[in-house]
Amino acid sequence: MDYTGLSEQEVLRREALAKMKELGIDAYPASEYPVNIYTTDILEQFKDEDLSENLKNICISGRIMSRRIMGNASFTELQDSKGRIQLYFKRDDICPEEDKTMYNVVLKKLLDIGDIIGVKGYAFRTQMGEISVHVTEFTVLSKSLRPLPIVKEKDGQVYDAFTDPEMRYRQRYVDLIVNPQVRDTFIKRTKIINTMREFFNEQGYLEVETPILQSIPGGAAARPFITHHNALNIPLYLRIANELYLKRLIVGGFEGVYEFAKDFRNEGMDRTHNPEFTVLEIYVAYKDYKWMMNFTEEMIERVAIALHGTTEVQLGDKVIDYKRPFKRVTMYDAIKEHTGFDISGKSEDELRQICKELNIETDKSMGKGKLIDEIFGEKCEHHYIQPTFIIDYPVEMSPLTKKHRSVEGLTERFELMINGKELANAYSELNDPIDQRERFEEQMKLSAKGDDEAMFIDQDFLRALEYGMPPNSGMGIGIDRLTMFMTNSPSIQDVLFFPQMRPEKRLETVDESIFVEIGIDQEWAKVLIKTGIESVKALKEANPNKLHQSICGYNKKNKLGLTNPSQDDVKSWIEK
RNA sequence: GAUUGAUUAGCUCAGCCGGUAGAGCACUUGCCUUUUAAGCAAGGGGUCCGGGGUUCGAAUCCCCGAUCAAUCACCA
């Protein structure tokens, strides 16, 4: 067996595995292991005076998280999907016969932290007072070949925590094994989605699926990812929103449709942005944005209570109260309050002047809507810590939104702000096909001015509207951000199992055969790679004397016992 | 993209003015038993991120590069 390149501990574990095989133990058995209880149930149900039947015949499985091995009695901690419990092994109970191999060899020498085992036994309390399982029989279910980071904890104090963000995100499986609170966050995430889904289903709304590959990426202002379909020989885009497809379904006659959707945006990545992210969008016929505000706050309050049993949720050093009703502030009032400027009825030039006075940078590509958006984003957004609906947005920044029923130049739109961030966005949906066509054309003009996020015209969507779409209201909410708020996670990477990362650099992908092919012994080819010569080209450029020194040194240092080549031999390799 | 910081044992991290690479846990060996993050004792383990430079001598100082993080910029 070739163990070069492995750490000492990895070698030891492979040797232990080989030893198990010699003893006739299959370290990766195929058959089902008949678990009948979880660790947490044992801890909950245990009573000292009267051991219930199911605690007398326990069968559990999980991962060994710590070991305290002694002469003829040992303790380990077993972690299953719910929690942990201590196991007690006594030699003469494990091995009642003469042969003590299972205890002395398998348990004491061949098992490691990280191995997955199944145990049978009964519950009891140790002299130290800890509820434990007295093991009568154990089975190896999976041998772990890599050492886990060891995190220890006492009285809530954590020692040697596994905290390096890069390792945690790249190897989320390790993070989940050793950091129990991580599992919790993701269980909460699923609970958020389930709570919302139940809420929608109760109203009779239909969960649907719409295309991710779209030939026109619509419904939002963002840069898309582009891909190519071979059979059709056309470019396709990964969706940036599902709005236009869901509205087609409203045209088709459904009363309410919703989709938990992965969207993709080819933009920057940071603490609150991942290139792929999850959004819930819902559209309900015959409703307007006022109805949707009530619906949204009811949904969010319900999520908070489902998760925490209360509407008050800790977020960093603040407490957010999700109790209904949320505050409602018009965008113009928000700007007036935080800047002193009344922007109603102002022209583009006047707005540009206001931006200048407020020290907000502008450029020529910005239209009225974008300018107002900048003012709000710069001066107002961060003030809204507690849930607040910002309502009535300018028409220029809302090309899919119905015009306001009573105020000229505005639309029936709200965004929900929490902790100074946008969480949800909703409108009374624009269903006037002629108005919609004009709005798209406005977007085209913005695009011509240089706004690379302006929307494309989706002719099929307009055709659908021309058949007649019932008035309806739609709402979109970022599930990742909602999860961040609800789980007190400072970064989007903490609420995604596998956040996008730069691809990992692979080390030692070089194969020694490239050197064998030019006539170098396999053993020495390996040594070349070890000493950093990873290509024939690198070999050609090497200094023969230096190379001779380094490979002979490697041979000696690692006690490979190879016969050193002569300097001339090495020179001949280089000349090949 | 900018700035700042980081990169040392399987893990968490020390390492001063440049002078023999360290600790705790993990691992190995032995002893011990109902132990409590940690029983006792001994031991093994390093490409100090990579490459150049300065120097008698570099983990340490300088330059270039890689990766990561934080902040900012970008981002309905």
Side-chain angles (χ1 to χ4, degrees), chain A residues 6-13 15-16 65-77 86-91 108-109 112-114 124-130 132 134 145-170 174 178 219-223 240-241 243 263 265-275 277 279 361 369-370 372-374 376-377 381 390 393 397-401 413 415 421-427 451-455 476 478 490-491 493 501-505 507 530-532 550 554 557:
Chain A
L6 295 180
S7 71
E8 182 198 19
Q9 292 189 45
E10 288 173 296
V11 171
L12 287 165
R13 282 164 183 248
E15 285 170 357
M65 297 307 288
S66 74
R67 302 195 328 137
R68 293 184 287 279
I69 302 296
M70 295 172 278
N72 57 35
S74 303
F75 293 88
T76 71
E77 260 185 304
Q86 175 170 273
L87 305 180
Y88 171 63
F89 296 81
K90 197 169 165 189
R91 185 179 60 207
K108 282 174 74 171
K109 313 264 186 202
D112 289 294
I113 291 174
F124 78 113
R125 192 187 286 276
T126 65
Q127 284 176 5
M128 293 303 294
E130 180 161 346
S132 308
H134 188 126
L145 297 181
R146 262 175 206 270
L148 282 174
I150 311 291
V151 180
K152 270 161 294 186
E153 191 220 314
K154 184 177 188 180
D155 304 332
Q157 177 84 19
V158 176
Y159 300 82
D160 296 337
F162 178 66
T163 53
D164 179 32
E166 185 184 0
M167 299 245 287
R168 287 185 50 221
Y169 303 147
R170 283 196 196 281
V174 176
V178 303
R223 277 198 305 238
I240 54 175
E243 171 154 359
D263 285 350
R265 296 187 185 176
N266 205 343
E267 291 166 350
M269 291 161 57
D270 59 29
R271 234 174 38 259
T272 54
H273 295 83
N274 196 63
F277 59 102
V279 170
E361 279 185 40
K370 194 98 181 170
I372 294 170
D373 191 34
E374 283 295 317
F376 182 78
E381 202 172 64
I390 302 297
Y393 282 61
M397 53 193 289
S398 311
L400 301 166
T401 311
R413 171 178 180 180
E415 288 194 358
K421 302 260 165 52
E422 173 201 339
L423 178 63
N425 181 21
Y427 339 124
D451 184 344
D452 60 359
E453 290 178 349
M455 292 183 192
S491 149
Q493 293 161 319
M501 305 280 282
R502 193 182 297 274
E504 207 172 345
K505 275 211 171 165
L507 295 172
K530 287 289 163 202
T531 53
S550 87
Y554 188 89
K557 189 178 170 199

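No hydrogens, no waters, no symmetry mates; every other heavy atom, side chains included, goes into these values.
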Base-pairing mate for B:A70 - Watson-Crick or G-U, with both contacts under 3.5 Å | B:U3
d(CD1, A:Ile69; C1', B:U28) in whole Å | 14 Å
Do the side-chain N or O atoms of A:Arg271 get closer than 4.0 angstrom to the phosphate oxygens (OP1, OP2) of B:U71?
-> yes
Distance between C1' atoms of B:U60 and B:U7 (Å, rounded) | 14 Å
Over 12 foreign heavy atoms within 6.0 Å of NZ, A:Lys108 | yes
Going by a 90° cut-off around 0, is B:C27 syn or anti?
-> anti
Tell me what A:Arg265 touches on the nucleic acid: a base, only sugar-phosphate, or nothing, going by heavy atoms under 4.0 Å.
-> nothing
Would you say A:Lys108 reaches B:U33's phosphate, i.e. side-chain N/O to OP1/OP2 under 4.0 Å?
-> no
Can you find a donor-acceptor pair, distance only, under 3.5 Å between A:Asp270 side chain and B:C75 base?
-> no
Proximity to the side chain of A:Pro149 - top-ranked nucleotide from B:U33, B:U36, B:C11 | B:C11
Shortest side-chain distance from A:Glu166, nucleotide among B:U67, B:G10, B:U36 | B:U67
Would you mind classifying the nucleic acid contact of A:Tyr427 as base, sugar-phosphate or nothing, using non-hydrogen atoms under 4.0 angstrom?
-> base
Applying the 3.5 Å cut-off to both distances, the Watson-Crick or G-U partner of B:U34 turns out to be none
Taking atom C1' of B:U33 as reference, at what distance in whole Å does atom NE2 of A:His134 sit?
-> 14 Å
Can you check whether A:Arg68 has a side-chain N or O nearer than 4.0 Å to OP1 or OP2 of B:U34?
-> no
Distance between C1' atoms of B:C62 and B:U54 (Å, rounded) = 7 Å
Can you check whether any acceptor in the base of B:U35 is under 3.5 Å from a donor in the side chain of A:Gln86, or vice versa?
-> yes
Closest to side chain of A:Pro165, choosing from B:C75, B:G10, B:A69 = B:A69
Kindly write out the residues that satisfy side chain to side chain donor-acceptor pair (under 3.5 Å) with A:Arg271, not counting sequence neighbours, or none if the list is empty.
-> none
Establish whether the base of B:U36 is bridged to the side chain of A:Ser66 by a donor-acceptor pair shorter than 3.5 Å.
-> no
Inter-nucleotide C1' distance (B:A6, B:U28), Å rounded = 33 Å
B:C27 phosphate, OP1 or OP2, under 4.0 Å from A:Arg13 side-chain N/O | no
What nucleotide among B:C68, B:U35, B:U34 has an atom nearest to a side-chain atom of A:Ser132?
-> B:U35
When you check the side-chain N and O atoms of A:Arg413 and A:Ser398, is any donor under 3.5 Å from an acceptor?
-> yes
